[in-house]
Structure formats: C-alpha cells, structure tokens
Enquirer: 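First the structure, then my questions, so here it is.
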Amino acid sequence: MKKALTALLLLSLALISCKDPEWKEEYNWDVSSIPGTKQTSYPIEWEKGNYGGTWRDTYSDDPKSFNPFSNLDGSYTIVTNLILDYLFDYNLHTKEWSGNMVESYNVVTDKKNDTMELHCRLRDNIYWSDGVKMTAEDVVWYFNNIENNAEIYPLGEQGLYITMPDGSRKKYTIEKTGEYEFKYKFPRIVSEPLLVVNTGTIVARHIWEPVLKQGKKAVEAFWGVNTPPEQLVGNGAYLLDKLVPGERIIFKRNPNYWKKDAWGQKLPYLDRIVLSYTPDPNSELLKFQKGEIEAYALRGQDFPTLLPESGKGKFDIWNGGKGSTYTALLFNHNGDVLPEYKFNLFTDVRFKQAVSCLIDRATIIEQTTNGLAEPQYSAIGENNRYFDPECATDCTYNPERAKELLREIGLDDTDGDGILEDKDGNKVSFYLLTGSTDPVTHDYLNIIISDMEKVGIKAVLQTADFNVIAQKLLHTLDWDCYLAGMGMPTFPEQWYNIWLSSGNLHYWHPKQKTPVLDWEKKLDRLYNSQIYTYDQDEIRKNYSVFQKTIMDEMIIIPIFRRYSFLAANSAWGNLNWSSHDSIGDNYRYLFKRISE
C-alpha cells in the first residue's frame, strides 16, 4: 500500500510538471496543486482570535545558554526569538521593509559627501516584561555598551565596520535625539541600512547595566540555563517559564507585550508554548500521529503515510513551497594545504562542470525524496529581489559532456584500472565529506559517487561529526570535497563571511589577506560595489554579474532544493505557515478554535 501511494504521488506530480526552461533543467515540479494540501494566501488576513490554549511542539537540541553574546553556537535563539523583538520587519513576499518596534523611520543620504543617516522613532507603548518602559535610551545603551564592545560581543562589534573607498574601516554610530528618537550615522552610503542595524538582541539597560559593571565573566554567565526565568526580561510576545534540559521548554504569554490585533486585542492569544525534547524525527512523527504535538515537518518519506488523512478534520498538510536551503558540493581551493595536483584539478572549472554533469538530480529526487524537491542550478533564490534566473548554470545531467570535459583537461585511464589519471599519473580520487548520518543523504551521495565512478572518478564517502568538520573547514583545512547545506541570502549583503576571500567562513580558502584566485578577486570587487550604493539599478546589474560568476566558475555545485510541508492540527486558527512564514507570525496570532 505504501509503495502504491508513493507511485500515485509521483505520478500526480509528473502530470503537472512544467516544460524545461531555456537553460534545460531536467524538470521543474509544480507543487502548488498537490491534492490534499493547502497553502497560505497572500496578503495574509488574520482572523480575530480567542485567548487560551497551549501549543505543543518539539525541539531537538538543548540550548547551551540563553545569552546571545556568549553563546556562539546559536542555540540561544530557541528562547530569544520568542522573548526579544526586532526593530524592523522584512516581508519576503512584497520584498519591502516596515517598522516593528520602530514606529517610523527615514533614510537621509548625502550623495555629495557619500554619507547616510537613518532616523528612527521607537513606539511609545513598548514595555519590558517587568513593566519598565522601553525608550531610545535602551537602544542607544545596547549599541554603545554591548554591540560595540569587542570584549563582550566580538561578533556584534565586527558587524559595525564599514569598508571605506580607500580600504580603511570605520564604524557606523548611533545618537539619541529624543525620548523615543535616535539616529544611526554611516560613514558612507550603504544599500540596505535597515538590514545593517536590524537586531533581535536588544536587552534592557536596567537589567544588564549592573551585570556589565561586574565585568566580562559576569556578562558571559548571565542568562545561562540556570538563570531564574524571571531574570530573562524581554520585550517579545512570550516569556520563558521553565527549562528542563533533555525534557521540555515552556513559554508563557508576556502580559506586557506591545502589539495588538486589528480589533484592539492584545497579542499573543496563546497561554503557553510547550516544547518537548525529541531529537529523533521518527519519534516526532509518532508523537504527531498520537496527537501529542500540534505540528510536524514532513520528510519526503512521510507523504504516503500522512497525505491520505490530510484535510479530513484531524490535521491539514500545509504546502510551504520551495525551501530556503539547498545542498551543494564544494571543492577545496586552498593551495597552501592541497597537493599541487589536487589544487590544479579542483580549481579547474572544467572538472567541476564535469562533476555537475554527472549528478543525476532527477533520479536522486525521485528515489530519495518521493519527488518532493527540484534540481538546483543557481546560488541564489527568488526571495532575493535581485535574483537573476538567467545566471543559472547549464551543467545539467549529461555524462557524455562530462567525459568530453575530462578529456579536455587531459585526464585518461592510462593503466586500465578504471580510475582516471592526470599527465603525471596522479589518480582522480578524493574524499567526499559530510556531517550527516541521515540514510537519505547517504543514499543520494552514493548515487553521485556511483555515477562518477562510471567515468573514472573515484570519490570516497567520509562521514564526520560537527566538531571534526568545523575543525577541518575552519582550522586544519585538510579536506577535498564537502557536502554543504547552503542558505538562500535575501540580500546581497548577506553571507559576506562566505563570499569574501577574507571571510572566516570562505570555505574554499578562508581568511586570505589578499585574494589568490581570479574569481575571488572578482567577487570581492563586486561585493563591495553592490553594498555601498543606494542606486537599485546599479545593485541589480552588479549582483547579476556576481551570481553569474559563482555559477560560471562552479564555485558551488548545487544539487537539489526540497519543498517544505507541515502537517498541523486542524483545530488551530491563523496558522498561515510557509517555508518563509513562521507559524502564526511567530505564534503571535495563533489561536485554538472553540469547538461548537
């Protein structure tokens, strides 16, 4: 029965597939009309909700700390995303900014002197969860004493620098101009000033200033997992109520939250959010089927099980559309570490084009995701308003083309052992590194390895845990090929740590003082040209060249991008989820319908 349902699902998807675009993609599923699923309609219209109810969900990793300044692994966000609010909001559908805690703002540019100011007014109805009013003083104090403090928050302090035309670096600054007014001053014009300053880690001055006076160790220890919940004073919709490590995290409504619905009711509607520790997705599925949690993010393999029951009153499957991440292969380009023959091979664009032509994305998607993904040929996605689909690579599955490219390089199986050699007799062999132990990931990597082996490329799968991979990528740099999960940047400014040759996450060869390869020099130049201008036409032009360079040079070899689906209890209103929209606007508008 399960196989039959899988076949029916794949057949229904195949029947609604589109024609290949001009760059000859193998196929492009249209998932918008899968029977039994529903989608969020835009613009979102929120229903008037009723108060009460507990949303039950899961989490897979215990936070090491709640402190966003000392906890560098990001695990704090499971808490801070609910207890702290952002200054601004960005709508991925309209691709427009709006104020959140900031009520109004104005960007002032001085083209003659190449400077910029961002004038902001904070809403006058925002209170910290302990009842103290939030003012511009909180924002300015946070900026000057936390974010601009290299000892306390080195990542934040590094983000304040603006590269000047002469190559020097200057920080942007902040100035209080009234009880609720403040302005940011930039030493030169930037393309996205709101993106530069937007933060969800502004903390209460009256709580943190006494801690800061005690020194660095006191700040690092504050908001640890043993900190009493009442000391986690925030301005978000929820408060931390209780943490039991390895068991559950409980949040409760913030009665002092500032936001209201269209009818003047205070948000949020929910009483509580209870997250249960569930690191295993199979256990999570079982909990959903038993009604112990409200929602479950589907894997491709779950569709045949859940789809037949969707929309029948118990739960609905929400079709979130294309996901915001994709998988890709990266080759090491670091000549300081690699043997010369590997450096020459991995930096030869023809070799990487050949590898791309050997990836049978259609088969991988059909066999490992139930068809719920699409081939990926670009580095950037459509949620970026400067996305240029014409910059996609044409290196689709084509083994014959791959063989031609390998012959052009001068690779040949001279000893007849089935593995290609270069002119000096070095074997075309490398390790393919992954941090995933997921059987599905190993299945599709083995498909790729098998197809490469057919033309004489030997790849050996190498699995390592997160700490080993981090050590290899960031410190020892001793790796050949890496399976990376790549995000989709919404703005050209994002991922500077990855694209810039000086970046510490520039996987190919990190922390370069001056770029070594021509494509690195080009991306460095293009990056700076597109983020230091307010001219939208210039940004679009430069970012198209930026995208085209990434794919022309095959800096990354994209594989596929999954579609996202969420099964959710039908009893909830205002869920309105998609791959780019959180549940109920981060649980603010979510409510449980009253049974009649």
Enquirer: Which atom pair, heavy atoms only, marks the closest approach of P187 to K170?
Expert: CG-CB, 3.9 Å
Enquirer: With a 3.5 Å cut-off and no angle check, do the side chains of N383 and T490 form a donor-acceptor pair?
Expert: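 Looking only at side-chain atoms, T490 and N383 do not form any donor-acceptor pair under 3.5 Å.
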Enquirer: Check whether any side-chain heavy atom of L329 sits under 4.5 Å from a side-chain heavy atom of I556, and report yes or no.
Expert: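 A side-chain contact under 4.5 Å is absent here.
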Enquirer: As an exercise, state the distance from CG of L445 to CG of D438, rounded to the nearest 0.5 Å.
Expert: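 The distance works out to 10.0 Å.
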Enquirer: Side chains of I447 and Q367: does their closest heavy-atom pair fall under 4.5 Å?
Expert: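 A side-chain contact exists here, since the closest heavy-atom pair is under 4.5 Å.
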Enquirer: In Å and rounded to the nearest 0.5 Å, what is the CD1 to CG distance from I498 to L523?
Expert: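 So the CD1 of I498 and the CG of L523 are separated by 12.5 Å.
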Enquirer: L84 and G200: which non-hydrogen atoms are nearest, and at how many Å?
Expert: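 Answer, listing the atom of L84 first, then G200: CB-O, 3.3 Å.
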Enquirer: Applying salt bridge (Lys or Arg N to Asp or Glu O under 4.0 Å) to D451 and K454, what does each step give before you reach the verdict?
Expert: CA-CA 5 Å; D451 285 339; K454 292 173 185 176; 3.2 Å; yes
Enquirer: Main chain of M164, side chain of S168: is a donor-acceptor contact present, judged purely on distance under 3.5 Å?
Expert: no
Enquirer: Look at E157 together with K171 and state whether they make a salt bridge at an N to O cut-off of under 4.0 Å.
Expert: yes
Enquirer: Would you compute the distance between atom OG1 of T325 and atom CZ of R562 and round it to the nearest 0.5 angstrom?
Expert: 8.5 Å
Enquirer: Would you check, one step at a time, whether the test side-chain hydrogen bond (donor to acceptor under 3.5 Å, both in side chains) holds for D524 with S501?
Expert: CA-CA 7 Å; D524 282 4; S501 61; 2.6 Å; yes
Enquirer: Atom OG of S529 and atom CD1 of I539: how far apart are they, to the nearest 0.5 Å?
Expert: 9.5 Å
Enquirer: Please examine the side chains of Q376 and M488, heavy atoms only from C-beta on, and report whether any two atoms are closer than 4.5 Å.
Expert: yes
Enquirer: Just so I know, are the side chains of T80 and T201 near enough to count as touching, which here means a heavy-atom distance under 4.5 Å?
Expert: no
Enquirer: Hey, would you say the F491 and W97 ring centroids sit under 6.0 Å apart?
Expert: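 Judged by ring-centre distance (under 6.0 Å), F491 and W97 do meet the cut-off.
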Enquirer: Can you check whether K64 reaches Y76 side chain to side chain, under 4.5 Å on heavy atoms?
Expert: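 No, too far: nothing below the 4.5 Å cut-off.
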Enquirer: So which heavy atom on C120 is nearest to which on F88, and how close?
Expert: SG-CZ, 3.9 Å
Enquirer: Do you know the tightest heavy-atom contact between G300 and L372?
Expert: CA-CD1, 4.0 Å
Enquirer: Give a yes or no answer on whether the side chain of D348 reaches the backbone of N344 with a donor-acceptor pair at less than 3.5 Å.
Expert: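 Flag not set: sc D348 to bb N344 has no pair under 3.5 Å.
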Enquirer: Please report the C-alpha distance between L194 and L118 in whole Å, then the side-chain angles of each, then the deciding distance to 0.1 Å, and finally whether the side-chain contact (heavy atoms from CB on, under 4.5 Å) criterion is met.
Expert: CA-CA 8 Å; L194 274 68; L118 172 60; 3.8 Å; yes
Enquirer: Please determine whether a side-chain nitrogen of the Lys or Arg among R401 and D394 lies less than 4.0 Å from a carboxylate oxygen of the Asp or Glu.
Expert: yes
Enquirer: Indicate yes or no for a side-chain donor-acceptor contact from S579 to the backbone of S324 under 3.5 Å, with no hydrogens or angles considered.
Expert: no
Enquirer: Can you spot which of W519, F346, F343 makes a ring pair (Phe, Tyr, Trp, His ring centres under 6.0 Å) with W508?
Expert: W519
Enquirer: With rounding to the nearest 0.5 angstrom, report the CG to CG distance, L345 to N332.
Expert: 12.0 Å
Enquirer: Could you grab the distance from atom CD of E538 to atom OG1 of T533, nearest 0.5 Å is fine?
Expert: 4.0 Å
Enquirer: When the aromatic ring centroids of Y543 and F387 are compared, is their separation below 6.0 Å?
Expert: no
Enquirer: Does Q512 reach the main-chain N or O of V516 with its side chain, forming a donor-acceptor pair under 3.5 Å?
Expert: yes
Enquirer: Not counting sequence neighbours, which residues clear side chain to side chain contact (heavy atoms under 4.5 Å, CB included) with T463? List them please.
Expert: T434, T437, H442, L461
Enquirer: Could you tell me whether the side chains of D581 and Y42 share a donor-acceptor contact shorter than 3.5 Å?
Expert: yes
Enquirer: Name the orientation class of the two ring planes belonging to Y184 and F186 (parallel below 30°, tilted from 30 to 60°, perpendicular beyond 60°).
Expert: tilted
Enquirer: Do the charged groups of E151 and K216 touch, with an N to O distance under 4.0 Å?
Expert: no
Enquirer: Taking the six-membered ring where the residue is Trp, are the ring centres of Y386 and F546 under 6.0 Å apart?
Expert: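 Not close enough - the centres of the two rings lie 6.0 Å or further apart.
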Enquirer: May I ask you to check whether N113 and D110 show a side-chain donor-acceptor distance below 3.5 Å?
Expert: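 Yes, because at least one side-chain N or O of N113 sits under 3.5 Å from a partner of the opposite role on D110.
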Enquirer: Please enumerate all residues that pass side chain to side chain donor-acceptor pair (under 3.5 Å) together with N504, with sequence neighbours excluded.
Expert: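 Side chain to side chain donor-acceptor pair (under 3.5 Å) check on N504 returns N497.
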Enquirer: I'd like to check the ring-ring contact (aromatic ring centres under 6.0 Å, His included) partners of H509; sequence neighbours left out, ordered by chain and number.
Expert: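 For H509 there are no ring-ring contact (aromatic ring centres under 6.0 Å, His included) partners, ignoring immediate neighbours.
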Enquirer: Between E520 (side chain) and T514 (backbone), is there a donor-acceptor pair under 3.5 Å?
Expert: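 Between the backbone of T514 and the side chain of E520 there is no qualifying donor-acceptor contact (under 3.5 Å).
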Enquirer: Is the closest side-chain donor-acceptor distance between S356 and R361 under 3.5 Å?
Expert: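 Distance-only check passes for S356 and R361.
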Enquirer: Do you know the tightest heavy-atom contact between I189 and T115?
Expert: CG1-O, 3.5 Å
Enquirer: Is R188 positioned over the aromatic face of Y532, cation under 6.0 angstrom from the ring centre and no more than 45 degrees off axis?
Expert: yes
Enquirer: Do the side chain of S544 and the main chain of R540 share a donor and acceptor less than 3.5 angstrom apart?
Expert: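 Side chain of S544 to backbone of R540, a donor-acceptor pair under 3.5 Å: yes, one is there.
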Enquirer: Please report the C-alpha distance between N67 and S65 in whole Å, then the side-chain angles of each, then the deciding distance to 0.1 Å, and finally whether the side-chain hydrogen bond (donor to acceptor under 3.5 Å, both in side chains) criterion is met.
Expert: CA-CA 5 Å; N67 189 321; S65 168; 5.1 Å; no
Enquirer: Can you give me the closest heavy-atom contact between L330 and I555, atom names plus distance?
Expert: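 The pair with the smallest heavy-atom distance is CD2-O, 4.0 Å.
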Enquirer: Is there side-chain contact between S75 and D61, with at least one heavy-atom pair below 4.5 Å?
Expert: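 Sidechains of D61 and S75: no contact.
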Enquirer: Does N100 reach the main-chain N or O of Y86 with its side chain, forming a donor-acceptor pair under 3.5 Å?
Expert: yes
Enquirer: Is there a side-chain contact (heavy atoms from CB on, under 4.5 Å) between L160 and E147? Walk through the geometry before answering.
Expert: CA-CA 8 Å; L160 304 183; E147 193 164 23; 4.0 Å; yes
Enquirer: Decide, yes or no, whether a salt bridge links D388 with K548 under the criterion of side-chain N to carboxylate O below 4.0 Å.
Expert: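 No, no charged N to carboxylate O under 4.0 Å.
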Enquirer: Output yes when K458 and E453 qualify as a salt bridge under the 4.0 Å nitrogen-oxygen rule, no when they do not.
Expert: no
Enquirer: Answer yes if the ring centres of Y482 and F331 are under 6.0 angstrom apart, and no otherwise.
Expert: no
Enquirer: Do L338 and D480 have side chains that get closer than 4.5 Å, going by heavy atoms?
Expert: yes
Enquirer: Using a 3.5 Å distance criterion without hydrogens, assess whether the side chain of N384 forms a donor-acceptor pair with backbone atoms of P489.
Expert: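 Present.
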Enquirer: Can a side-chain donor-acceptor contact be found between N144 and N148 if the only test is distance below 3.5 angstrom?
Expert: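 Distance-only check fails for N148 and N144.
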Enquirer: Can you check whether V190 reaches L195 side chain to side chain, under 4.5 Å on heavy atoms?
Expert: no
Enquirer: Examine distances only and state if a side-chain atom of T40 and a backbone atom of W577 form a donor-acceptor pair shorter than 3.5 Å.
Expert: yes
Enquirer: With under 30° as parallel and over 60° as perpendicular, where do the rings of Y527 and Y496 fit, or are they tilted in between?
Expert: tilted
Enquirer: Can you check whether N426's main-chain N or O pairs, donor with acceptor, with D422's side chain at less than 3.5 Å?
Expert: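 Present.
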Enquirer: In terms of relative ring orientation, are Y142 and F69 parallel, tilted or perpendicular, with 30° and 60° separating the classes?
Expert: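 Tilted: the ring planes of Y142 and F69 meet at 30° to 60°.
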Enquirer: Going by atom types only, do T414 and E421 share a side-chain donor-acceptor pair under 3.5 Å?
Expert: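 Checked: T414/E421 side chains pair up, N/O donor to acceptor below 3.5 Å.
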Enquirer: Got a salt bridge between R561 and E382, using NZ or NE/NH1/NH2 to carboxylate O under 4.0 Å?
Expert: yes
